Amino acid sequence: MSDLNRQVWLVSRPTAWPSEENFRVVESAMPEPAEGQMLIQLLYTSVDPYLRGRMRERASYIDPIPINSVMQASSVGRVVDSRNANFALGDYVGGMLGWQEYAVAGEREVRKLDPKLAPISTALGILGMPGLTAYFGLTEILHAKAGETLLISGAAGAVGSVAGQIGKLLGMRVVGIAGGEAKIRWLVDELKFDAAYDYKTESDHRARIAALCPGGVDCYFDNVGGEISDAAMLNINQQARIAVCGQISQYNYERPEMGPRLLFQLIVKRARMEGFLVFDFIKKYPEALKRMSEWYRAGKLVNRETVVEGLENTPKAFIGMLRGENTGKMIVRIAAG
Ligand SMILES: NC(=O)c1ccc[n+]([C@@H]2O[C@H](COP(=O)([O-])OP(=O)(O)OC[C@H]3O[C@@H](n4cnc5c(N)ncnc54)[C@H](OP(=O)(O)O)[C@@H]3O)[C@@H](O)[C@H]2O)c1
């Protein structure tokens, strides 16, 4: 094992779209575990939209990542040195371990992963934070009911693709919106969405949503915001619920777009719109993960990952994810498992 650790640092704050110049690969000394800690060789790391918010100077619901420090992100890996009796060499763990080759952590900072139950990379996606976001968005915010119509924007990504599949498992009619014909085919042919359309080739979202949701929209799972969400609002039913999960269409604007003011729709339709963070449901993670894992092992949830090779390509993967280069969850393989 080398005595150097490679890390990806944030070295400047992006304005508008991030670029690879905002990051640098840095070699630092191999960290040493203190008593109670372990040294973890990271195998996969995650690129997630919320990291764009963490690159800004100002805090939102989570602090900014300091300049000239390792990018903080979820990663999974294998214990290669342990000074904690509860973790043995070869155990697999996941946690906020960063964009780097090795990390030290104590037992409160990681959860153990069982590679016999699911590939460990799923802890970054379908059986991790994005999958849980889909689950709680549907169960706790949308109060999904069989027979209702669920519309999902960002439908072919990590959260959206799981949300749609859970919607189908709960007996809903599911309609997705995503970018590009290949994603639309995947949603309909493999994930069994009832319908989907490519927003990149559509100029009249309101009419297209109306055509694909002839009975109106009962639940809208919003991952993107902007004009797609404006059009969704104009198609909601009485007592509709809108889960505001993400607004990715706005993340690279220095000032958010000003859209039409459609909140009157909430009055007319006696509808409810609620923003949420997956962390709000932390106490319910175990029961949710149990249910999600059962579905996964029964073959009822399709897992798809877009895997980029090499730690040094993590910034490229992050920017690619913002541009829609992923289908399902975008992850980076740092080392062979
Ligand atoms: N509230 C929470 O706790 C929570 C937790 C996790 C994620 N989120 C949010 O959920 C959303 C999805 O996250 P994710 O991890 O699943 O990411 P993802 O969907 O796997 O990846 C991002 C996707 O966004 C789409 N996109 C980019 N720019 C867009 C635009 N202008 N209009 C429409 N779509 C655009 C791209 O797909 P296309 O090819 O379809 O454009 C891209 O693949 C994000 O907004 C994220 O911030 C919220």
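Whatever order the structure lists ligands and atoms in, that order sets their numbers, starting from 1. All figures in this text were calculated on a predicted structure; none of them were measured in a lab.
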Closest non-hydrogen protein atom to atom 13 (O) of ligand 1, residue and atom name please, with distance? Pro49 CG, 3.5 Å
Out of all atoms in ligand 1, which are within 4.0 Å of some heavy atom of Ser249? Include the element for each. 30 (C), 31 (N), 32 (N)
Pair Lys329 + Asp48: basic N to acidic O under 4.0 Å: yes
Please list, in number order, the atoms of ligand 1 under 4.0 Å from a heavy atom of Val224. 33 (C), 34 (N)
Tell me whether the rings of Tyr199 and His205 are parallel (<30°), tilted (30 to 60°) or perpendicular (>60°). tilted
Charged N to carboxylate O below 4.0 Å: is that the case for Arg173 and Asp218? no
Taking atom 4 (C) of ligand 1 as the reference point, the nearest protein heavy atom with its distance: Thr133 CG2, 3.6 Å
Side-chain donor-acceptor pair present, Ser60, Tyr50, cut-off under 3.5 Å: no
Numbered atoms and elements of ligand 1 in range of Tyr199, under 4.0 angstrom, heavy atoms: 29 (C), 30 (C), 32 (N), 33 (C), 34 (N), 35 (C), 38 (P), 40 (O), 41 (O)
Quick check: do Glu148 and Asn237 have side-chain heavy atoms less than 4.5 Å from each other? no
Give the residue and atom name of whichever protein heavy atom lies nearest to atom 47 (O) of ligand 1, and the separation in Å to one decimal. Tyr251 OH, 2.7 Å
Could you list which atoms of ligand 1 come closer than 4.0 Å to a heavy atom of Ala178? 40 (O)
Return the residue, atom name and 0.1 Å-rounded distance of the protein heavy atom closest to atom 28 (N) of ligand 1. Leu322 O, 3.6 Å
Going by distance only, is there an N or O of Gly154 that falls short of 3.5 Å from an N or O of ligand 1? no
Heavy atoms, side chains only, cut-off 4.5 Å: are Ile166 and Trp295 in contact? yes
Shortest protein contact, atom 25 (C) of ligand 1 (heavy atom only): Ile248 CG2, 4.1 Å
Hey, is ligand 1 close enough to Gly246 that some N/O pair sits below 3.5 Å? no
Which protein non-hydrogen atom lies closest to atom 16 (O) of ligand 1, naming both residue and atom, and how far is it? Val159 N, 2.7 Å
Counting heavy atoms under 4.0 Å, the part of Met129 that contacts ligand 1 is side chain
Option of least heavy-atom distance to atom 18 (P) of ligand 1 (set: Ala158, Ser161, Gly324, Ala156): Ala158
Are Glu27 and Arg6 close enough for a salt bridge, meaning some N to O gap below 4.0 Å? no
Measure Pro130 to ligand 1 on non-hydrogen atoms and call it side chain, backbone, both or neither using the 4.0 Å cut-off. neither
Nearest 0.5 angstrom please: Thr306 OG1 to Met321 CE, how far? 11.5 Å
Pick one of side chain, backbone, both or neither for how Leu277 approaches ligand 1, counting any non-hydrogen atom pair under 4.0 Å. both
Relative to the heavy atoms of Gln247, which atoms of ligand 1 are at a distance of less than 4.0 Å? 45 (O)
Taking the side chain as every heavy atom from C-beta outward, state whether Trp9 and Trp99 have any atom pair closer than 4.5 Å. no
Atom 39 (O) of ligand 1: closest protein heavy atom, distance to 0.1 Å, is Lys183 NZ, 2.6 Å
Close approach of Cys245 to ligand 1, heavy atoms, under 4.0 angstrom: yes
Quick check: do Lys290 and Glu294 have side-chain heavy atoms less than 4.5 Å from each other? yes
Connected via hydrophobic side-chain network under 4.5 Å: Val159 and Tyr285: yes
Would Arg323 pass as a cation-pi partner of Trp17, given that its NZ or CZ must be under 6.0 Å from the six-membered ring centre and within 45 degrees of the axis? yes
Give a yes/no verdict on whether any heavy atom in Gly328 is under 4.0 Å from an atom of ligand 1. yes
Give me the residue, atom name and distance of the protein heavy atom closest to atom 43 (O) of ligand 1. Asn326 OD1, 2.6 Å
Ligand-residue contact atoms, ligand 1 with Val278, heavy atoms, under 4.0 Å: 2 (C), 3 (O)
Below a 4.0 angstrom heavy-atom separation, can you tell me which part of Arg323, side chain or backbone, both or neither, approaches ligand 1? neither
Decide whether an N or O pair under 3.5 Å exists between Asn223 and ligand 1. yes
Hey, are the side chains of Arg52 and Pro14 touching, using non-hydrogen atoms and a 4.5 Å cut-off? yes
So that I can tick it off, tell me whether Arg185 and Glu181 are bridged by a salt bridge, with the cut-off set at under 4.0 angstrom between side-chain N and carboxylate O. yes
Applying a strict 4.0 Å limit to heavy atoms, is Phe279 in contact with ligand 1? no
Here's one to test your reading of the geometry: is the NZ or CZ of Lys112 within 45 degrees of the ring axis of Phe87 and under 6.0 Å from its centre? yes
At the 4.0 Å heavy-atom cut-off, does Met330 count as touching ligand 1? no
